[in-house]
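Contents: one structure, followed by commentary.
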Amino acid sequence: MKKILQLSIACMIGLAACTDLDIPPMNVIQDKDVFTTEGGIKIYMARCYSELPFEDFRYSPTRGTNHFWIINPTSANTGEALSRDLTSATAEQFNFWERAYPLIREANYFLQTLPEYANNFPEADVNHWLGEARFVRAVTYMALVKRYGGVPIVDKVLNYPEQSIEELKTPRASEEAVYDFIAADLDFAYNNMKETSELGRANKYAAAAFKSRAMLYAGSIAKYNQVQLFDGSQNRLCGIPAAKANTYFKAAHDAAMLLEGKYSLYKKTWAAGDKEAQMQNYINLFFDESSPENILIKGYKYPESVHGYDAYNVPRQLMGGNGYSSEVNPTLNLVELFDGFPKNADGTIMTLDASGKYILYDNLPDIFANAEPRLRATVIVPGDMFKNESIEIWRGIYTSSVAGGISRLLPEGSTAPYPSTNIVSSPNAQQTPYTLPNGDKMNPAGRSGVFTADGTCAVSGFSVRKYLVPDKPTAEVLENRADQTWIEMRYAEVLLNRAEAAYELHLAGQGGNYLQDAFTVINEIRERAGAGLLPSAAALDDITIVRNERRKELAFENKIWWDLKRWRILDKEQNGTVYRTLMPFYAAQAGKWFFDARPDERNARYTFDTRWYYQEIPGGEISKSQNLIQNPGY
Amino acid sequence: MKNSIYHTALFILLLASACTREYDDYPEPSETLAGNILDAASKKNVQSEAGDRGMRLVLEELSWSDTPTPYYFFAMQDGTFRNTKIFKGNYRISVEGPFVPLVQYDGSGNITVDKRKTMDIAGTSNVDFEVEPFLNVEWVGEPVYNSTDQTVSIQVRFTRGTANTGFHQNITDVFLFVSPNTYVGNNNYDNKYSAQVNYNGTDGNAQLGQTITITTKDRLPGKRTWYLRVGARVDYGLKYYNYTDIKPIIIP
């Protein structure tokens, strides 16, 4: 009892000794620590950038952004590629909403707090950083609006419990208002930021580049979208009035023009007429840190910040220790967009001669020997060289007689399996060599496929090359071991934005120079790619020419899904669709190769649900804020 | 040891006293809402598919709020609906599906057409909705089995189901769905046998009122019943299909 008394006296003395207990905790970093030094600002921004919703090496539609495991690649959702682990049209399966608003809050907090500490820095720096925070906010809203349509616009820090819950349930704004909000943020950023910035951070031109992207999306929605959803107060949550299309296309074009002369296409090792040099140049473009084409990059560095792009995507024969490989296998549909190989009148690859027999080739890579350098730099074709190895891709050995030529193995368009009577194939990589007529042994399938029962191979007959490090030792081809840089925005995209906006404006009858501008820009891109040029502006007579250029140039950069969605053509492209593949065969009796173009033998069928043009607002978010109206059909 | 027994006892006591046995919940919902979604012209049920690309009811309970979060439930594929677990109250009810929307807006978001129904749901409430489907899809004759190549040929005709030209979009495709069970439609079909005819641009509009013949793909396995149904759709909104009713065919 006496003890308690003593203790309470001690406590009372202790209490009286403190004059003020209401001080901020000393072990938590305060605003005054962050916002008074350049280092503090940098740390704050580093976090914002790391949270930016880029669909990069760490993104997949199933697991979202910043996830290490990307075995469900985006390109297998768009028709660019086939993958073992993503075999049908898929909507995003993660809650992006709850990831976006914390970042918006961080940007708003920065915008609100920095002015209080502005006297610590030169005015130009403060303006640059305010612009940078607006840029971060705009990019985040862009990621929201392209998924959900109109979303709640929150442009200041919300405080609970100072503000009531009712007050904080911000309803959705119209889709148009969100795009206008993004444009205003990016305009502010352009007007206030500096011309240059350190690697990985935005400058004023990055803001302009993102504006060209955002406004192009808005223009496309205005022109092509049909879905409409209104709230009770005449706000159009889904869709933009068609009358606004030209305003947005013009804004996209103007924004893209701001970068002219400031950035350029990467052509450091490019040489006119030299396909080999052009191909190498195109490969280097993705690895040269000093590329004049890079506008905004996301850097990685082993071991602090890593991804696993190589481990998941190398051809099977170069598989690393984790046992992954060949997740991204370009479809023939994509390959046929490029030029430089034999084609039929309808643009499909020519594999048959005039009498309907397969064309025979002496060597496996011959069919693509003169292909467009950009194709070769983007896709590994059968027999192509990679890491000083020939990448062996073939489906089987044809054993029947070749006298009089080889007829089609299956009727055109058939999804049936190949006959097994005259074709030797291999179920997996443990192959039993086949003895050729001359006594040599040969594997029924290439070392990188195609296997009949193991999808870890080039299931489409191709393997991806873009972004794969050309000289990475196989011992380092591991998950969480890759650290190549992701280029989120490069000048080629800005040019393509400009060409598309210009062509749309030309279609809408907006003045005379737009067609010429689109023509010039497309040819700039094609020249660097080593592709055939458009002969004249008049030859640019279809929007699909502009769109296909985009699909080729930006293939495997995780942008195409959003493009197909904003053009509102994905439900027509993926309508019970089986994508095409190219299966090489070795004709044993002839000692030559032939190719069979066919629908994916796995019969992976893609049907895009029209509802996905506007993704489902996560139910949990509506439970939190009942003012949110769900998108149509969910 | 003794201490821990005390502690456990105290803990259990706390747990036990934390909940009272008093019944503090609402009674469970027990009202019934049932009815049909009818074609306004023919007064026949509108055919649809089961699930979330078919037809659904939208219930907004106005007893508590003017802007409630809607409650949805799906109609059955034959155009009937029945839900026996609804709270008693005053509701605004609408249906969504492959027909002219009950609520329409002008370009600036003002409601121009509103055919929703506001009613009390108590006991068993029956309500029918009369709607104008985008397309009427009807069988012409019976499916024919072609024994030579083990396929089935059907004939079908589609016509506009509404006179409202605002909903006369292009017809994009007509689809013969084949399924081994009675739930057949775009949600459930065997793509090995089902056949789709796609139309480009306005090509499909020329087929309006014409008799169209579609044959199944591949060879249908015999000695069983297959269920057939044809869907067609216009390029509007979420592009839901309008359907015929279901016809079984026994393959010998």
Side-chain angles (χ1 to χ4, degrees), chain A residues 88 150 169 171 174 176 224-244 413-416 568-569 571-573 575-578 599 603-614 616-617 619 621-634, chain B residues 51-56 58 60 64-72 74 92 96-98 101 103-112 114 166-167 169-170 172-173 175-177 186-187 189-201 217-219 233-241:
Chain A
S88 60
K169 288 180 178 171
S174 70
E176 183 182 344
Y224 299 108
N225 169 63
Q226 290 187 8
V227 178
Q228 65 170 15
L229 175 71
F230 286 99
D231 67 5
S233 337
Q234 279 87 47
N235 292 311
R236 188 163 174 192
L237 309 181
C238 293
I240 296 173
K244 293 290 299 251
S414 168
T415 54
R568 296 291 191 261
I569 60 172
D571 67 301
K572 293 185 189 73
E573 281 209 8
N575 178 13
T577 307
V578 181
N603 211 358
R605 216 167 262 271
Y606 285 75
T607 301
F608 180 85
D609 189 329
T610 327
R611 291 177 300 169
W612 298 344
Y613 285 130
Y614 289 100
E616 182 173 12
I617 294 178
E621 304 304 322
I622 296 180
S623 309
K624 277 185 254 175
S625 173
Q626 295 85 36
N627 287 338
L628 298 177
I629 296 173
Q630 183 59 279
N631 279 332
Y634 297 107
Chain B
D52 61 0
R53 288 184 65 83
M55 300 190 289
R56 66 176 181 180
V58 186
E60 295 172 283
W64 305 93
S65 158
D66 291 334
T67 54
T69 303
Y71 167 72
Y72 299 101
F74 297 108
R92 182 165 59 211
E96 295 177 347
V103 187
Q104 291 166 32
Y105 297 87
D106 65 10
S108 46
N110 301 303
I111 293 179
T112 52
D114 187 353
F167 300 94
Q169 280 80 12
N170 293 335
T172 59
D173 62 302
F175 208 139
L176 168 60
F177 298 103
N186 190 39
N187 56 337
Y189 65 95
D190 191 326
N191 65 39
K192 199 170 178 198
Y193 313 114
S194 302
Q196 185 178 23
V197 182
N198 282 302
Y199 300 116
N200 281 325
K217 295 191 295 190
D218 217 311
R219 297 168 92 81
R233 57 180 171 173
V234 296
D235 197 358
Y236 174 81
L238 299 177
K239 296 180 70 177
Y240 291 169
Y241 281 95

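Chain letters run A, B, ... following the sequence lines, proteins first, then strands; residues in each count from 1.
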Proximal component of Ser108(B), with respect to chain A [non-hydrogen, under 4.5 Å] = backbone

request  = Grab the two heavy atoms, one from Tyr105(B) and one from Gln228(A), that are nearest each other, plus how far apart they are.
outcome  = O-NE2, 3.9 Å

inquiry  = Return the OG1 to NZ distance between Thr415(A) and Lys192(B), rounded to the nearest 0.5 Å.
reply    = 8.0 Å

ask   = About how many Å separate CG of Asp52(B) and CG of Asp609(A), when rounded to the nearest 0.5 Å?
value = 7.0 Å

ask   = Taking non-hydrogen atoms and a cut-off under 4.5 angstrom, which of residues 626-634 of chain A neighbour chain B?
value = Gln626(A), Pro632(A), Gly633(A), Tyr634(A)

query = So among Asn198(B), Asn200(B), Asp235(B), which one has a side-chain contact (heavy atoms from CB on, under 4.5 Å) with Lys572(A)?
reply = Asp235(B)

task = Count the heavy atoms belonging to other residues, nucleotides or ligands that lie under 6.0 Å from CG of Asn110(B), then report whether that count exceeds 12.
result = yes

task = Compare all side-chain heavy atoms of Gln226(A) with those of Lys239(B) and state whether any distance is below 4.5 angstrom.
result = no

task = Select one option (side chain, backbone, both, neither) describing which atoms of Asn235(A) are under 4.5 Å from chain B's heavy atoms.
result = neither

ask   = Where do Leu238(B) and Val227(A) come nearest, in terms of heavy atoms and distance?
value = CD2-CG2, 4.4 Å

inquiry  = Is Arg236(A) close to chain B through its backbone or its side chain, or both, or neither, when contacts mean heavy atoms under 4.5 Å?
reply    = neither

inquiry  = If I measure from the heavy atoms of chain B, does Leu229(A) come under 4.5 Å with its side chain, its backbone, both, or neither?
reply    = neither

task = Using a cut-off of under 4.5 Å on heavy-atom pairs, state which of Gln169(B), Arg53(B), Lys217(B) scores highest against chain A.
result = Arg53(B)

inquiry  = Rounded to the nearest 0.5 Å, what separates atom CG in Asp571(A) from atom OG1 in Thr172(B)?
reply    = 8.0 Å

